[in-house]
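Have a look at the structure below before the remarks.
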Amino acid sequence: MEIITAVKGFKDILPEETEKWRFVENVAREVFSRFGFREIRLPVLEKTDLFKRGIGESTDIVEKEMYTFLDRGDEYLTLRPEATASVIRAYLEHSLHNAQAVTRLFTIGPMFRRERPQKGRFRQFHQIDAELLGLDDPRADAEIILMLMHFLDRVGLKKVSLELNSLGCSSCRPAFRNVITEFLQGKEAGLCDDCKRRLGTNPLRVFDCKSKECQEIIRGAPHLGDFLCGDCREHFGKVTSALEEFAIPYTVNPGMVRGLDYYTKTTFEVTTEHLGSQNAVVGGGRYDRLVQELGGPDIPGIGFAVGFERLLALLEVPESASAPPPDIFLASLGEQARNLAFTLCNQWRLKGIYAEQEFSSKSLKSQMKKAGRLNCSYTLILGDREIEERKVELRDMKTGTQQTVSLDDLDQHILNLIKER
RNA sequence: GUGGGUGUAGCUCAAAUGGUCAGAGUGCCGGGUUGUGGCCCCGGAGGUUGAGGGUUCAAGUCCCUUCACUCACCCCA
């Protein structure tokens with residue numbers, strides 16, 4: 001019979017890797033909490049409408065990437081493709097905005113998108129997500145970016161670049177969209193097939209296109225930056241100068257157009273050249289209309305999402321973590337000895353010692369070999385011979401020296417020996 | 001959804017033009033030491049060469065189909 005394998009694009013995280021995961025999570029929790037962010041844990045399943053309204057009906061995510069199903073024939077549910085909509089849903093559902101004017105939340109967990117898997121892209125992937133709600137101050141933008149860059153630094157990430165842009169607000173972006181549409185109208189024939197399609201859906205995306213022809217055409221286009229309203233222009237200026245105060249290097253990328261509909265004003269990405277074509281490690285931005293779109297009051301917000309797997313792929317931790325070595329290995333010869341080993345081994349575990357034992361009746365040589373391979377500090381040798389004499393052999397695996405310990409003193413002896421280290 | 005690449009032992013990989021080609025290294029288990037690890041030596045287990053079909057006297061090797069993995073496009077973390 002064939003074994004059942006994991007679903008395409010869904011990965012197991014094996015014991016060799018979980019230590020790296022915990023390391024990154026712990027750094028995130030430590031850094032974020034110092035900036036006043038508190039952890040929130042959310043369900044992975046939400047009502048489909050949450051994402052339709054939050055992310056935007058015409059985005060690729062909602063149109064073709066969501067895992068959606070009809071639950072018991074009466075309600076559409078979706079495995080979350082991103083966290084922000086869920087965070088805001090919980091924020092509104094529990095009236096967190098009434099409890100305090102400013103709310104800072106972060107969450108770590110799996111997201112689901114039904115795309116074709118490739119390097120750095122999976123159907124289940126993980127994000128570290130932070131959201132700052134209730135501030136439209138540009139210093140809040142700078143603060144959350146500062147926190148992000150500090151986190152990346154603390155986790156050991158090198159050679160990344162921070163790209164910034166402003167997408168304008170509801171008063172200046174629509175106007176620019178018209179300008180671009182007009183600009184591209186006569187040049188349609190020169191665009192790639194994808195961009196011809198984009199012309200109708202999201203003309204700003206042509207800025208992002210990798211094809212040379214499109215880049216050539218768009219080079220002469222007007223920039224969004226020149227069409228920002230006074231408020232947006234001033235906001236962006238304050239964000240960049242605050243970043244400069246903390247010496248955070250950034251580049252302004254006027255072509256950066258993010259794929260989720262809800263972004264306004266400041267958007268940012270952290271990118272790298274070492275991830276193949278999935279170069280974005282972090283994506284984020286301001287969303288001043290989203291809370292309202294989801295039925296809440298007029299509350300501004302800004303947040304980011306770190307791609308966990310992409311971040312891990314960039315960290316220089318080549319060797320996989322091996323299993324932690326036991327404090328002591330119990331080698332036993334004879335059935336009586338194995339019974340004693342079982343008892344001692346588990347008693348010590350209950351007292352906080354990591355002990356291992358051999359269950360099967362292997363030769364002492366092979367048990368010693370195993371103890372050596374496990375890299376444990378001590379090996380206790382107990383055979384029926386020792387039990388008769390009420391004493392056992394304790395071998396220090398580092399030095400190779402061995403001593404005889406009375407069974408009556410054994411427990412205390414071991415506890416002292418191992419607790420002292 | 002579209003295109004390319006790859007599928008041989010747990011892992012990393014060999015097997016010219018189809019003809020002892022089913023192997024090596026590593027890992028695992030055991031022995032060399034009648035009760036003592038690491039080094040060394042020896043041995044063993046483990047594969048219907050992803051699956052199915054076809055061509056042929058003969059197929060990991062050629063053809064078709066299918067599945068899986070992978071990279072890229074689209075898009076994004």
Side-chain angles (χ1 to χ4, degrees), chain A residues 2-3 5-9 11 14 16 55 58-66 80-84 108-129 148 192-195 197-198 201-202 205 208-211 256-260 268-272 275-285 303-314 320 329 331-334 337 358 360-386 392-402:
Chain A
E2 279 187 4
I3 60 162
T5 58
V7 176
K8 181 199 282 286
K11 301 292 178 193
L14 298 173
E16 286 75 34
I55 301 170
S58 67
T59 57
D60 277 19
I61 292 178
V62 172
E63 267 183 0
K64 50 187 191 190
E65 295 174 1
M66 296 203 303
R80 62 178 183 192
E82 59 116 38
T84 305
I108 302 173
M111 308 295 156
F112 306 85
R113 293 183 199 171
R114 201 184 182 293
E115 301 177 86
R116 191 83 165 254
Q118 68 185 74
K119 189 179 178 70
R121 195 172 70 188
F122 315 99
R123 290 184 171 185
Q124 179 184 119
F125 59 101
H126 297 73
Q127 289 186 337
I128 303 173
D129 189 271
L148 168 65
C192 70
D193 291 346
D194 287 321
C195 284
R197 181 176 51 79
R198 287 174 178 131
T201 56
N202 191 348
R205 285 218 145 270
D208 253 352
C209 187
K210 286 162 189 163
S211 104
M256 189 179 74
V257 182
R258 303 203 40 77
L260 287 68
F268 54 95
E269 273 182 15
V270 176
T271 59
T272 173
L275 273 181
S277 73
Q278 314 309 318
N279 64 348
V281 187
V282 184
F304 63 76
V306 180
F308 211 120
E309 286 86 351
R310 291 184 186 179
L311 175 59
L312 285 178
L314 292 170
S320 53
F329 184 88
S332 47
L333 292 156
E358 177 58 51
S360 55
S361 56
K362 287 183 175 177
S363 70
L364 180 59
K365 178 196 171 99
S366 87
Q367 295 190 58
M368 292 301 292
K369 199 180 275 184
K370 184 170 178 178
R373 181 162 35 79
L374 290 172
N375 199 24
C376 59
S377 310
Y378 299 95
T379 297
L380 196 67
I381 298 161
L382 49 163
D384 291 343
R385 185 198 300 167
E386 278 81 1
V392 294
E393 294 291 310
L394 179 63
R395 184 177 180 86
D396 183 323
M397 298 299 278
K398 299 285 185 302
T399 63
T401 55
Q402 208 163 296

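We name chains A, B, ... by the order of the sequence lines, and we start the count at 1 in each one. None of these values were measured; they are calculated from a predicted model.
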In terms of side-chain geometry, is the basic nitrogen of R123(A) or E115(A) positioned less than 4.0 Å from the acidic oxygen of its partner?
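A salt bridge is absent here (no side-chain N lies under 4.0 Å from a carboxylate O).
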
Closest approach of R121(A) to R116(A) (non-hydrogen atoms, all atoms of both residues)
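The pair with the smallest heavy-atom distance is NH2-O, 2.6 Å.
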
Which heavy-atom pair separates F112(A) from Q124(A) by the least distance, and what is that distance?
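Where F112(A) meets Q124(A) most closely, the heavy atoms are CE2-NE2, 3.0 Å.
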
Taking [M] as the reference, what is the distance to [N] when you measure between their [atom1] atoms (whole Å, please)?
N	M	atom1	result
A24(B)	G18(B)	C1'	23 Å
A51(B)	G4(B)	P	24 Å
G3(B)	G44(B)	C1'	47 Å
U70(B)	C29(B)	C1'	34 Å

Whole angstrom is fine here: how far is it from [atom1] in [X] over to [atom2] in [N]?
X	N	atom1	atom2	answer
R121(A)	A77(B)	CZ	C1'	11 Å
E63(A)	C74(B)	CD	P	17 Å
M66(A)	C76(B)	CE	C1'	15 Å
K362(A)	G31(B)	NZ	C1'	14 Å
Q118(A)	C69(B)	CD	C1'	14 Å
N279(A)	C75(B)	CG	P	13 Å
D129(A)	C76(B)	CG	C1'	14 Å
F122(A)	C76(B)	CZ	C1'	13 Å

With sugar-phosphate meaning primed atoms plus P, OP1 and OP2, does T5(A) contact a base, only sugar-phosphate, or nothing at under 4.0 Å between heavy atoms?
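Nothing, no nucleic acid heavy atom in range.
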
Applying a 4.0 Å non-hydrogen cut-off, can you work out what T379(A) is touching in the nucleic acid: base, sugar-phosphate, or nothing?
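The answer is nothing, as T379(A) stays clear of every strand by at least 4.0 Å.
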
Are any non-hydrogen side-chain atoms of E82(A) and R113(A) less than 4.5 angstrom apart?
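A side-chain contact exists here, since the closest heavy-atom pair is under 4.5 Å.
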
Check: D384(A) and L333(A) side chains under 4.5 Å, non-hydrogen atoms
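Not touching, per the 4.5 Å side-chain cut-off.
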
Interatomic distance, L364(A) atom CG to K369(A) atom NZ [nearest 0.5 angstrom]
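The CG atom of L364(A) sits 12.0 Å away from the NZ atom of K369(A).
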
A correct dot-bracket answer for RNA chain B, with pairs being Watson-Crick or G-U at under 3.5 Å, [ ] for crossing pairs and | for inter-strand pairs, is (((((((..((((.....[...)))).(((((.......))))).....(((((..]....))))))))))))....

Verify the contact: side-chain N or O of S363(A) to OP1 or OP2 of G31(B), cut-off strictly under 4.0 Å; return yes or no.
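Result: yes.
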
Answer yes or no: does a side-chain N or O of K11(A) lie under 4.0 Å from OP1 or OP2 of U70(B)?
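Affirmative; the distance criterion is met.
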
Readout for nucleotides 35-43 of chain B: B = base within 4.0 Å of protein heavy atom, S = sugar-phosphate only, - = neither; 5' to 3' it is BBBB-----

Any chance you could list the contact pattern along nucleotides 4-13 of chain B? Use B for base contacts, S for sugar-phosphate-only contacts and - for none, protein heavy atoms under 4.0 Å, 5' to 3'.
----------

Most 5' of K64(A) and K8(A) on RNA chain B, judged by nearest nucleotide
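Its nearest nucleotide being more 5', the pick is K8(A).
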
Does the ring of F125(A) lie flat against the base of A77(B), closer than 5.5 Å centre to centre with planes under 30°?
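Yes, F125(A) stacks on the base of A77(B).
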
